[in-house]
Amino acid sequence: MKTIRKFDEVENLPVPLAIKDQLHRHLTEPFDGDVEVTRQFWNEVSTTLFLIEESDVDDTLAGQSEDIQHLLRFVTHYPEFVLLLNDNSCNWLLALAVITSEGAGCYIVAPMSSKTYPVLTLADQAEA
């Protein structure tokens with residue numbers, strides 16, 4: 001699992017290019033596609049993105065700090081939305097939970113093929 005806390009780090013995620021493009025579009029959408037405004041917002045309100053990788057299993061996630069496990073549980077059980085990101089090889093999901101009154105969010109991005117509890121739980125809610 002990878003944890004991203006700065007918007008610019010999204011570019012370095014090991015995901016297919018089609019998924020990265022869709023992810024970038026969804027992350028900047030609330031800011032009218034403005035990358036600089038998105039970057040500033042992430043820095044000001046401490047937005048976090050978790051990438052659950054294909055190799056991750058529930059034991060991997062359970063080995064994370066309690067703070068990270070808490071955020072994963074929160075997104076899993078209280079998402080604002082769950083979207084399906086399409087790719088020819090494997091679909092992915094994107095889930096968001098807003099965690100502060102300032103609008104700070106926590107995202108989960110993961111391949112739909114993942115057998116982890118967060119993905120299996122969120123998959124039923126994914127909107128195309």
Side-chain angles (χ1 to χ4, degrees):
M1 187 177 88
K2 297 202 180 323
T3 302
I4 303 297
R5 297 194 193 278
K6 300 221 178 275
F7 179 73
D8 292 336
E9 295 173 345
V10 171
E11 286 301 315
N12 299 325
L13 289 174
V15 300
L17 184 57
I19 298 302
K20 196 178 294 186
D21 289 345
Q22 292 173 68
L23 179 60
H24 190 269
R25 187 172 57 252
H26 286 294
L27 296 177
T28 60
E29 184 177 35
F31 310 100
D32 297 323
D34 190 317
V35 172
E36 185 56 37
V37 173
T38 304
R39 182 181 301 121
Q40 289 173 356
F41 182 81
W42 276 50
N43 289 339
E44 289 171 11
V45 301
S46 301
T47 298
T48 302
L49 183 144
F50 296 117
L51 171 65
I52 297 176
E53 299 175 281
E54 184 65 40
S55 60
D56 288 323
V57 294
D58 286 332
D59 287 343
T60 309
L61 303 181
Q64 300 294 321
S65 72
E66 182 54 40
D67 288 345
I68 288 177
Q69 289 183 55
H70 173 74
L71 288 172
L72 287 169
R73 283 190 301 270
F74 193 84
V75 178
T76 300
H77 295 290
Y78 305 106
E80 295 289 322
F81 64 76
V82 182
L83 300 175
L84 186 62
L85 307 179
N86 298 310
D87 184 60
N88 291 336
S89 61
C90 173
N91 289 329
W92 291 61
L93 68 77
L94 170 64
L96 166 68
V98 176
I99 56 175
T100 69
S101 59
E102 292 85 22
C106 184
Y107 292 92
I108 291 178
V109 177
M112 291 291 284
S113 57
S114 171
K115 303 299 182 213
T116 59
Y117 178 77
V119 175
L120 293 174
T121 303
L122 292 165
D124 291 338
Q125 301 174 55
E127 302 172 15

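Positions are given from 1 along the sequence. Fair warning: this is a prediction, and the values are worked out from it, not measured in the lab.
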Other residues, nucleotides, ligands: >12 heavy atoms within 6.0 Å of [X] [atom1]:
{"X": "H77", "atom1": "NE2", "value": "yes"}
{"X": "N12", "atom1": "CG", "value": "yes"}
{"X": "F74", "atom1": "CZ", "value": "yes"}

Side chains of [X] and [Y]: does their closest heavy-atom pair fall under 4.5 Å?
{"X": "L51", "Y": "W92", "answer": "yes"}
{"X": "M1", "Y": "T116", "answer": "no"}
{"X": "V57", "Y": "K115", "answer": "no"}
{"X": "T47", "Y": "Y107", "answer": "yes"}
{"X": "F7", "Y": "T28", "answer": "yes"}

Report task. Apply salt bridge (Lys or Arg N to Asp or Glu O under 4.0 Å) to E36 and list each qualifying residue two or more places apart in sequence or on a separate chain. Result ->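 Here the qualifying residues are R39.
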
Among the clusters formed by ILVMFWY side chains lying less than 4.5 Å apart, do [X] and [Y] turn up in the same one?
{"X": "L120", "Y": "F81", "value": "no"}
{"X": "L49", "Y": "F31", "value": "yes"}
{"X": "Y117", "Y": "L94", "value": "no"}

Report task. Taking side-chain contact (heavy atoms from CB on, under 4.5 Å) as the test, write out the residues that go with E54, two or more places apart. Result ->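 side-chain contact (heavy atoms from CB on, under 4.5 Å) check on E54 returns P111, S113.
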
Query raised in the report: Does T100 have any side-chain contact (heavy atoms from CB on, under 4.5 Å) partners at least two apart in sequence or in another chain, and if so, which?
Result: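 T100 satisfies side-chain contact (heavy atoms from CB on, under 4.5 Å) with E102, A104 once adjacent residues are dropped.
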
Requested in this report: Keeping the roles fixed (side chain from D32, backbone from D34), state whether a donor-acceptor pair exists under 3.5 Å.
Outcome: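 Checking the backbone N and O of D34 against the side chain of D32, no donor-acceptor pair under 3.5 Å is found.
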
Query raised in the report: Under 3.5 Å, side chain of D56 to main-chain N/O of E53, donor-acceptor pair present?
Result: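 The answer is yes, because a donor-acceptor pair under 3.5 Å joins these two groups.
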
Atom pair [atom1] ([X]) and [atom2] ([Y]), whose distance is rounded to the nearest 0.5 Å:
{"X": "C106", "Y": "E80", "atom1": "SG", "atom2": "CD", "value": "12.0 Å"}
{"X": "I4", "Y": "W42", "atom1": "CD1", "atom2": "CH2", "value": "7.5 Å"}
{"X": "L93", "Y": "T121", "atom1": "CG", "atom2": "OG1", "value": "10.5 Å"}
{"X": "D8", "Y": "T38", "atom1": "CG", "atom2": "OG1", "value": "10.5 Å"}

Report task. Could you note down all residue pairs passing side chain to side chain donor-acceptor pair (under 3.5 Å) where residues 58-68 supplies at least one of them, sequence neighbours left out? Result ->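 Sorted pair list: E66-R73.
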
List the atom of [X], the atom of [Y], and the distance in Å for their closest heavy-atom pair.
{"X": "G105", "Y": "L96", "value": "CA-CD1, 3.8 Å"}
{"X": "C90", "Y": "M112", "value": "SG-N, 4.1 Å"}
{"X": "D87", "Y": "S89", "value": "OD2-OG, 2.6 Å"}
{"X": "A62", "Y": "Q69", "value": "O-NE2, 2.9 Å"}

Report task. Would you sort out whether I108 and I52 count as a side-chain contact (heavy atoms from CB on, under 4.5 Å), showing the intermediate values? Result -> CA-CA 7 Å; I108 291 178; I52 297 176; 3.8 Å; yes

Requested in this report: Evaluate side-chain contact (heavy atoms from CB on, under 4.5 Å) for F50 paired with L61, printing each intermediate quantity in order.
Outcome: CA-CA 11 Å; F50 296 117; L61 303 181; over 6 Å; no

Scan the side chains in residues 14-23 for donor-acceptor partners under 3.5 Å anywhere in the protein, sequence neighbours excluded, and list what turns up.
unit_1 : atom_1 : unit_2 : atom_2 : d
K20    : NZ     : E11    : O      : 2.7
K20    : NZ     : L13    : O      : 3.2
Q22    : OE1    : N86    : N      : 3.2
Q22    : NE2    : A18    : O      : 3.2
Q22    : NE2    : N86    : O      : 2.6

Query - Any residue meeting side chain to side chain donor-acceptor pair (under 3.5 Å) with T76, in chain and number order, not counting sequence neighbours - result: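 Residues passing side chain to side chain donor-acceptor pair (under 3.5 Å) with T76: none at all.
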
